[in-house]
Amino acid sequence: MCGIVGYAGDRQALGVVLEGLSRLEYRGYDSAGVAVLTEGKIAWAKRAGKLGNLTSALKESPPLPGTVGLGHTRWATHGAPTDPNAHPHTDCDGNLAVVHNGIIENFAELRDELKAGGHLMTSETDTELVAHLLEDEMAAGPAEDGSLATAMRSVCQRLDGTFTLVAVDVRDPGVVVGARRNSPLVVGRGDGENFLASDVAAFISFTKDATEIGQNQVAEIRAGEVTVTNFDGSPGAVRDFTVDWDAEAAEKAGFKWFMAKEIAEQPRAVAEALVGRVGKDGRLVLDEMRLSDEELRSVDRIVVLGCGTAYHAGMIAKYAIEHWAKIPCEVALASEFRYSDPILTKSTLVIAISQSGETLDTLMAIRHASEQHSRVLSICNVKGSSIPRESDGVVYLHAGPEIAVASTKAFLTQLIACYVLALYLAQVRGSMYPDEIAMALDHLRAMPNAVEEVLERMGPVRAMARELAGERCVLFLGRHVGFPVALEGALKLKELAYMHAEGFAAGELKHGPIALIEPGLPVVIVTPPPADMPVLHDKIVSNIQEIRARGARTIVLAERGDEKVAPYADTLIELPPVPPLLQPLVAAVPLQVFACEVADIQGHDVDQPRNLAKSVTVE
Ligand code: M6R
């Protein structure tokens, strides 16, 4: 949440910062602001609303020249999305500017102290108090070394909560100082220029060389130098990495929406998520597993954690892990996990799924698991992010950047990673024969074509979106792995079309939800393959009849040639035949397209739905 960019180099900082913000706007779009060190003072501008409001205002006002600057795009926490609450925030004398991502929990007491000390607050934000705390530290400067970094280290030690802070000060020109605790910050290392950002997308068109900033560290970037220290002033240990995708990957490439592009990219993303998973000897290898076979053999229970779409991927992972690896597995919402007093031992393996690798609910959940001595394995997309850094092993998705707030290609590649991990566990523990694993891998390798085939047949889904765009409510039903797909379909529709949408396990219908059925209500049903799951298939056909008897309009996703279910479908969406466990890879796609189309028809911003942000870095 909130996108942050800092720049020190020889280019005009404003252009670099605005370009970075345009790539980070998906993190929050309630307001945007910039500050540039210019001729011994700080020039700044900020506006409520999307970045476009700020860029229009900047066109009409005098230029902000200077080669050191910072910027922010906001997802509001403290205070409404107004001009005064937009970042950056300044101190009383306008000597420094600061931007922030996160929540400062001891906000109230610090604000009272600062007010009592005569500071004038002009916003409702928790961020502004950091500007005033830095002001006091800089005023006391001669006692220390007078540097902004020293002031920042000192202020950070007074803050409770989560934060990424980035600041500039006229008294310490040439440097941008960033700090982080439980919120993301990376350095981009260029030639004679350096960057600070919430994620690498901000500087990818300038450099692919990046450095992870660790927990409780301060980074100082100058044109030719990067220095990292811990909050206590000792040298900070960091890890360099190279971004493995290009700037073009973060462009729309002719699509109207990033989401549409990311849906279309799925066959390739699924294929790439499988690359390099098999060694020369035919055995599965996982690049950053870091857990030994012995450790994996000692696992007696698995807990999969995630939020939103990642949680739905986890629900599907449970089926694969229990079926293939024969390890008892449960799935929990990361946001609920540590408050449920979970039973964790050193034989418990916790698998955290997160596209961004920064979701704070998930990060806090894995910290809790680590404290109880459980092993943590993460399934993440963004390299250098916090969750993989704090895990005992990682399976990366290799999906490239996912910019649209609604998760699509990350979901499919999370599923691939889960399937591969389940097979890897089966290999290590001997719960499947090598030829069975090889056959399952062959089925996975066929999935990019199957997803492509689904995408080529989206005409009926688009037509359905046109017909249903005016509906107030849509229900989604599924069984087995179709149930999480139903939940995912409902989540997509909620977040993009702001429609009431609910997913149910079809068997639960008659325990309550069937009361919602009324004539004409659209109900989407994910049908299991008839030949491989005949019992469940028959049951869902009965469920469809039950809702049709009450007037529901049935939209049935079913395997091509499924003649048993076809007569009960008002709209039939055919899926290519795939093994039952892998069906979510094809069944989720029409639901993504449906939600994207409905939102577009309704005139919503598909990539930046209201109230949401891509990376949820507050609890
Ligand atoms: O980055 P993460 O995978 O940890 O994000 C988890 C959820 O916030 C995310 O999947 C969210 O539900 C998506 N917007 C759904 O499309």
Side-chain angles (χ1 to χ4, degrees), residues 1 3 26-29 75 182-184 198-199 201 257-260 262-263 266 304-317 331-337 350-366 376 378-391 394-397 399-415 417-418 476 484-485 487-499 501 503 588-589 591-596 598-599 604-619:
M1 272 163 175
Y26 69 90
R27 300 181 69 92
Y29 27 85
W75 187 85
N182 292 331
S183 189
S198 307
D199 77 50
W257 304 108
F258 276 111
M259 183 184 182
E262 288 157 9
I263 290 172
Q266 291 183 115
V304 187
L305 301 174
C307 296
T309 292
Y311 172 70
H312 299 153
M315 290 175 76
I316 295 163
V331 192
L333 287 165
S335 54
E336 289 290 318
F337 181 64
V350 170
I351 299 176
I353 307 179
S354 173
Q355 187 285 132
S356 62
E358 295 293 350
T359 299
L360 196 59
D361 292 309
T362 311
L363 181 61
M364 290 306 184
I366 65 164
V376 175
S378 58
I379 293 178
C380 290
N381 195 31
V382 178
K383 280 194 177 170
S385 56
S386 300
I387 292 171
R389 201 169 40 228
E390 298 194 22
S391 302
V394 195
V395 181
Y396 280 113
L397 305 181
E402 190 180 69
I403 310 283
V405 164
S407 195
T408 53
K409 64 176 177 173
F411 179 59
L412 261 57
T413 51
Q414 282 164 353
L415 293 181
C418 291
F476 293 76
V485 173
L487 293 176
E488 178 62 8
L491 177 63
K492 287 286 153 299
L493 203 57
K494 271 185 251 206
E495 70 176 332
L496 298 175
Y498 320 147
M499 239 183 217
V589 176
L591 306 185
Q592 299 166 345
V593 172
F594 176 60
C596 182
V598 171
H604 297 164
D605 186 330
V606 170
D607 290 334
Q608 298 180 345
R610 72 181 180 201
N611 305 337
L612 290 171
K614 181 73 181 161
S615 184
V616 184
T617 53
V618 291
E619 277 184 287

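Computation of the quantities below employed the complete heavy-atom set of this structure, encompassing side-chain atoms and omitting hydrogens, waters and symmetry-equivalent molecules. Remember, it's 1-based here, ligands and their atoms both numbered in the order they're listed.
Closest approach of Leu305 and Val350 over heavy atoms only: CD1-CG1, 3.6 Å. Scanning all heavy atoms of the two residues, the minimum distance from Val405 to Pro609 falls at CB-CD, 3.6 Å. When all heavy atoms of Ser407 and Glu495 are compared, the closest pair comes out as N-OE2, 4.3 Å. Heavy-atom minimum distance, Leu496 versus His604: O-ND1, 3.0 Å.
Thr359 OG1, 3.5 Å is the protein heavy atom nearest to atom 5 (O) of ligand 1. Nearest protein heavy-atom neighbour of atom 3 (O) of ligand 1: Gln355 N, 2.6 Å. Atom 7 (C) of ligand 1 has as its closest protein heavy atom Cys307 O, 3.4 Å. Protein heavy atom nearest atom 11 (C) of ligand 1, with residue, atom name and distance: Thr309 N, 4.2 Å. When only non-hydrogen protein atoms are considered, atom 8 (O) of ligand 1 lies nearest to Val616 CG2, 4.0 Å.
Remark: the Ser378 side chain and the Ser391 side chain contain an N/O donor-acceptor pair separated by less than 3.5 Å. Defined by atom type and a distance below 3.5 Å, a donor-acceptor pair is missing between the side-chain atoms of Gln266 and Thr408.
Those atoms of ligand 1 with a heavy atom of Ala406 less than 4.0 angstrom away are 16 (O). Each of the atoms 12 (O) of ligand 1 lies under 4.0 Å from some heavy atom of Gly308. For ligand 1, the atoms closer than 4.0 angstrom to any heavy atom of Lys492 are 15 (C), 16 (O). Close approach of ligand 1 to Ser354 (heavy-atom distance below 4.0 Å) involves ligand atoms 1 (O), 2 (P), 3 (O), 4 (O). The Ser356 neighbourhood of ligand 1 comprises atoms 1 (O), 2 (P), 4 (O), with distances under 4.0 Å to a heavy atom of that residue. Atoms of ligand 1 lying under 4.0 Å from any heavy atom of Ser407, numbered from 1 in the order shown and given with element: 15 (C), 16 (O).
In Glu358, neither the side chain nor the backbone holds a heavy atom less than 4.0 Å from any atom of ligand 1. In Glu495, the part holding a heavy atom less than 4.0 Å from any atom of ligand 1 is the side chain.
At a 3.5 angstrom cut-off on N or O pairs, Thr362 does not count as close to ligand 1. Of the polar atoms of Lys614, none of the N or O atoms is found under 3.5 Å from an N or O of ligand 1, judged by distance alone. Remark: ligand 1 and Ile353 share no N or O pair separated by less than 3.5 Å (distance only, no angle test).
Note that CZ of Arg27 and OG of Ser356 are 7.5 Å apart. Values are rounded to the nearest 0.5 Å. The structure places CD of Gln414 at 14.0 Å from OH of Tyr311, a figure rounded to the nearest 0.5 Å.
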task: Would you check, one step at a time, whether the test side-chain contact (heavy atoms from CB on, under 4.5 Å) holds for Asn381 with Lys409?
output: CA-CA 10 Å; Asn381 195 31; Lys409 64 176 177 173; 5.8 Å; no
message: Between Leu412 and Val589, does the side-chain contact (heavy atoms from CB on, under 4.5 Å) criterion hold? Intermediate values first, please.
response: CA-CA 9 Å; Leu412 261 57; Val589 176; 4.0 Å; yes
message: Apply side-chain contact (heavy atoms from CB on, under 4.5 Å) to residues Glu402 and Thr413 and explain how you reach the verdict.
response: CA-CA 11 Å; Glu402 190 180 69; Thr413 51; over 6 Å; no
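Residue contact annotation: Val405 has a non-hydrogen atom under 4.0 Å from ligand 1.
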